[in-house]
K.L.:
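Here's a structure for you.
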Amino acid sequence: MKVVGGFVVILVLLFIGARLTGNGYLAKGLWACYLHGNNSATIDDLKYFDSHKIEAGTKPWPWPLRGDYNKNQLPAKLQEVLTKTGTVAFLIVQNDSIRSENYWKGYSDSSQSNSFSMAKSITTMLAEIAIQKGILKGWNQKVKSLLPDLKGPHADELELRHLSTMSSGLQWDEAYKNPFTITAKAYYGDHVKELMMTLPIVDEPGKFYNYQSGNTELLGLCIMKASGKSLAELASEWLWKPLQAEHDANWHTDAQGTELCYCCFNTDARDFARFGKMMLHQGNWNGTQILDSSFVQMATTGALTDFYGYSFWLDNSHGTKVFAQRGILGQYIITIPEYNLVIVRLGQHSLPPVNHHPEDFHMIVDQVLEMVRCEQPTAPHPAVQ
């Protein structure tokens, strides 16, 4: 009892100290991570955050199942890497039908999981739709026209496109394990908008690639300022309902109700796959053009580097074009146009990077391509005009 009592006293002192020193976010991080047996953010941490619901529509489109649905086992090498990385959901869609899906650790086709940085692509999609609707003026619009309190010697030069292509020049340290970094403060803090307005643009925008979650947070703040709505409201109206999602989704917010625009869109594997199908069809969903096809081409082409476009990861090392939405713990929505493929993987961690992508990403792509290349060739989708 003395040991337990001493532990409680230490925790109370830590909480008080964090609050008094302006580091109250540490208390939330300690509670959400370490007191629940984790050492970092997890795929199930929605329950520790405020959130906004992304409402699905009244006319969902269930995924059709291929004739040989789940009749063929995944290759042994693929099963090995999925097990090694704590995979909870793995889905393969080909020709707009589910050919294979597997779930582990109590997850199912309706279990929600945190997208982490796959949400960066979603925020960029919302920015593009806002441009198409005339709510934003274009990718060259100055950020200070929407966020006049933005600071730094190069703040006046910053444009929306710099945020999506990770070339803003923002002062931001993208570190995930150190609890004292700006990344942790933004994730667990109560005032993400106010925090972003304290961070200066210190380098000339558009000159070099530097992956920073703060870029996407600024982009989301611009969308919300221009539209007068939350990202969750816009995601429901512009994406989730048009994509005929089967389930409501949820988006992490801070204590003020501002979405963490760079991460934390929570839904299930089947509904995540809808983004891949839309991108596969050049922004079209079952006859409805949601994203302009020219944007899809731009987003999936290298901007300042050949492995990153407008918030989409790119890879051409497998003999065919591959692009993906990607999260820190190996969350993937992988699209391979030549073979009409969409692959969704959700899970607890990823492997170290090889050529700008986690090793498990490459192994997943290789193994699925080996599966489909052994079959009858599949004609690619024509671009939607």
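Remember, it's a predicted structure, so these values are computed and weren't measured experimentally.
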K.L.:
Please answer: with hydrophobic residues joined when any side-chain heavy atoms are less than 4.5 Å apart, are I54 and W61 in the same cluster?
P.N.:
yes
K.L.:
Whether the side chain of W251 engages the backbone of L260 through a donor-acceptor N/O pair (distance < 3.5 Å, no angle test) should be reported.
P.N.:
yes
K.L.:
Could you check whether any side-chain heavy atom of M363 comes within less than 4.5 Å of a side-chain heavy atom of K77, counting everything from C-beta outward?
P.N.:
no
K.L.:
Taking the side chain as everything from C-beta on, heavy atoms only, tell me whether V143 gets closer than 4.5 Å to C222.
P.N.:
yes
K.L.:
Hey, are the side chains of L136 and L146 touching, using non-hydrogen atoms and a 4.5 Å cut-off?
P.N.:
yes
K.L.:
Quick one: pull up OH in Y176 and CD1 in I328 and give me the separation to the nearest 0.5 Å.
P.N.:
4.5 Å
K.L.:
Is there a side-chain contact between C264 and Y187, using heavy atoms and a 4.5 Å cut-off?
P.N.:
yes
K.L.:
Please lay out, stage by stage, how E128 and Y310 fare under the test side chain to side chain contact (heavy atoms under 4.5 Å, CB included).
P.N.:
CA-CA 10 Å; E128 168 61 22; Y310 275 64; over 6 Å; no
K.L.:
Hey, quick one: are F307 and L304 part of the same hydrophobic cluster, counting side-chain heavy atoms closer than 4.5 Å, chains of contacts allowed?
P.N.:
yes
K.L.:
Looking at W63, does the NZ or CZ of R270 lie under 6.0 angstrom from its six-membered ring centre and within 45 degrees of the ring axis?
P.N.:
no
K.L.:
Is it the case that N284 and Q289 place a side-chain donor and acceptor less than 3.5 Å from each other?
P.N.:
yes
K.L.:
Is there a side-chain contact between I131 and F295 in this structure, where contact means two heavy atoms from C-beta onward sitting under 4.5 Å apart?
P.N.:
no
K.L.:
Would you please test D96 and K277 for salt bridge (Lys or Arg N to Asp or Glu O under 4.0 Å) and show each step?
P.N.:
CA-CA 7 Å; D96 299 342; K277 171 174 151 57; 3.5 Å; yes
K.L.:
S110 and H247: which non-hydrogen atoms are nearest, and at how many Å?
P.N.:
CB-CE1, 3.9 Å
K.L.:
Is there a donor-acceptor pair closer than 3.5 Å between any side-chain N or O of S164 and the backbone N or O of R161?
P.N.:
no
K.L.:
Under a 3.5 Å distance rule, please check whether S236 uses its side chain to pair with a backbone N or O of E55 as donor and acceptor.
P.N.:
yes
K.L.:
Look at the side chain of K151 and the backbone N and O of M197, then say whether any donor-acceptor pair between them is shorter than 3.5 Å.
P.N.:
yes
K.L.:
Heavy-atom count check: over 12 atoms from other residues, nucleotides or ligands less than 6.0 Å from Q256 CD?
P.N.:
yes
K.L.:
Could you walk me through whether H154 and D203 pass the side-chain hydrogen bond (donor to acceptor under 3.5 Å, both in side chains) check?
P.N.:
CA-CA 6 Å; H154 295 282; D203 295 311; 6.0 Å; no
K.L.:
Classify the angle between the aromatic ring planes of Y332 and F361 as parallel (below 30°), tilted (30 to 60°) or perpendicular (above 60°).
P.N.:
perpendicular
K.L.:
If only atom types and distance count, is the side chain of T183 paired as donor or acceptor with the main-chain N or O of D173 below 3.5 Å?
P.N.:
yes
K.L.:
Does the pair E246 and R274 meet the rule for a salt bridge (Lys or Arg N to Asp or Glu O under 4.0 Å), with working shown?
P.N.:
CA-CA 10 Å; E246 292 194 83; R274 296 173 189 274; 3.7 Å; yes
K.L.:
Looking just at side-chain N and O atoms, do S97 and N95 make a donor-acceptor pair shorter than 3.5 Å?
P.N.:
no
K.L.:
Assess the residue pair M166 and N210 against the criterion (side chain to side chain contact (heavy atoms under 4.5 Å, CB included)); give the C-alpha distance rounded to whole Å, side-chain angles, the decisive distance to 0.1 Å, and a yes or no.
P.N.:
CA-CA 5 Å; M166 297 294 168; N210 188 12; 5.9 Å; no
K.L.:
Evaluate the side chain to side chain contact (heavy atoms under 4.5 Å, CB included) criterion for residues I129 and I135: first the C-alpha distance (whole Å), next the side-chain angles of each, then the deciding distance (0.1 Å), finally the verdict.
P.N.:
CA-CA 9 Å; I129 297 172; I135 295 170; over 6 Å; no
K.L.:
Once the angle between the rings of F265 and F272 is folded into 0 to 90°, is it parallel (under 30°), tilted (30 to 60°) or perpendicular (over 60°)?
P.N.:
tilted
K.L.:
Tell me if a side-chain donor or acceptor on E359 pairs with a main-chain N or O of P352 at a distance below 3.5 Å.
P.N.:
no
K.L.:
If you group Ile, Leu, Val, Met, Phe, Trp and Tyr by side-chain heavy-atom gaps below 4.5 Å, do L170 and L195 land in one group?
P.N.:
yes
K.L.:
We want to know whether S350 and R326 form a side-chain donor-acceptor pair, criterion being a heavy-atom distance below 3.5 angstrom.
P.N.:
no
K.L.:
Whether the side chain of Q132 engages the backbone of D292 through a donor-acceptor N/O pair (distance < 3.5 Å, no angle test) should be reported.
P.N.:
yes
K.L.:
Flag the pair S317 / H362 as yes when at least one side-chain heavy-atom distance between them is below 4.5 Å, and no otherwise.
P.N.:
yes
K.L.:
Could you pull out the closest heavy-atom pair between D45 and A41, with the gap in Å?
P.N.:
OD2-CB, 3.6 Å
K.L.:
Which heavy atom of L329 sits nearest a heavy atom of R345, and at what distance?
P.N.:
O-NH1, 3.0 Å
K.L.:
Taking all heavy atoms of H52 and all of G257, pick out the closest pair and write down the distance.
P.N.:
CE1-O, 2.8 Å
K.L.:
Would you say N215 and K120 make side-chain contact, with heavy atoms under 4.5 Å?
P.N.:
no
K.L.:
How long is the gap from OG1 on T58 to CD on Q244, to the nearest 0.5 Å?
P.N.:
10.0 Å
K.L.:
From I343 CD1 over to I333 CD1, what is the distance, rounded to the nearest 0.5 angstrom?
P.N.:
11.5 Å
K.L.:
Would you say S145 and K142 are linked by a side-chain donor-acceptor pair, where the criterion is simply a distance under 3.5 Å?
P.N.:
no
K.L.:
Strictly by modelled atom types, are Q212 and Y262 linked by a side-chain donor-acceptor pair under 3.5 Å?
P.N.:
no
K.L.:
Say whether D306 and H356, considering side chains only, have a donor N or O and an acceptor N or O under 3.5 Å apart.
P.N.:
no
K.L.:
For a quick test of reading the model, state the closest non-hydrogen atom pair linking T87 to L82 and the distance between them.
P.N.:
OG1-O, 2.8 Å
K.L.:
Do you know which two heavy atoms are closest between N70 and S100, and how far apart they sit?
P.N.:
OD1-CA, 3.2 Å
K.L.:
Please answer whether the main-chain N or O of V192 pairs with a side-chain N or O of D254 as donor and acceptor at a distance below 3.5 Å.
P.N.:
yes
K.L.:
Take a 6.0 Å sphere around NZ of K193 and say whether it holds more than 12 heavy atoms from other residues, nucleotides or ligands.
P.N.:
no
K.L.:
Apply the test ring-ring contact (aromatic ring centres under 6.0 Å, His included) to residues F275 and W240: give CA-CA distance (whole Å), side-chain angles for both, the deciding distance (0.1 Å), then the verdict.
P.N.:
CA-CA 9 Å; F275 293 116; W240 220 226; 5.6 Å; yes
K.L.:
Could you give me the CA-CA distance, side-chain angles and deciding distance for H162 and E157, then say whether side chain to side chain contact (heavy atoms under 4.5 Å, CB included) is met?
P.N.:
CA-CA 10 Å; H162 299 135; E157 305 160 39; 6.0 Å; no
K.L.:
Going by distance alone, is a donor N or O of one side chain under 3.5 Å from an acceptor N or O of the other, for T300 and K321?
P.N.:
yes
K.L.:
Side chain of S121, backbone of S311: donor and acceptor closer than 3.5 Å?
P.N.:
yes
K.L.:
Using side-chain heavy atoms (C-beta onward) and a distance below 4.5 Å, is V368 in contact with I336?
P.N.:
no
K.L.:
Passes ring-ring contact (aromatic ring centres under 6.0 Å, His included), Y308 versus W313? Steps please.
P.N.:
CA-CA 5 Å; Y308 201 82; W313 292 89; 4.9 Å; yes
K.L.:
Is F208 linked to Y211 within one hydrophobic cluster, defined over Ile, Leu, Val, Met, Phe, Trp and Tyr using a side-chain heavy-atom separation of less than 4.5 Å?
P.N.:
no
K.L.:
First locate atom CG of L218, then atom CE of M196, and finally report the distance between them rounded to the nearest 0.5 Å.
P.N.:
3.5 Å
K.L.:
Tell me if a side-chain donor or acceptor on N114 pairs with a main-chain N or O of N266 at a distance below 3.5 Å.
P.N.:
no
K.L.:
Rounded to the nearest 0.5 Å, what separates atom OH in Y107 from atom CG in N102?
P.N.:
16.0 Å
K.L.:
In this structure, would W104 and L351 fall into the same cluster of hydrophobic residues linked by side-chain contacts under 4.5 Å?
P.N.:
yes
K.L.:
When rounded to the nearest 0.5 angstrom, what distance separates CD in Q112 from OG in S51?
P.N.:
8.5 Å
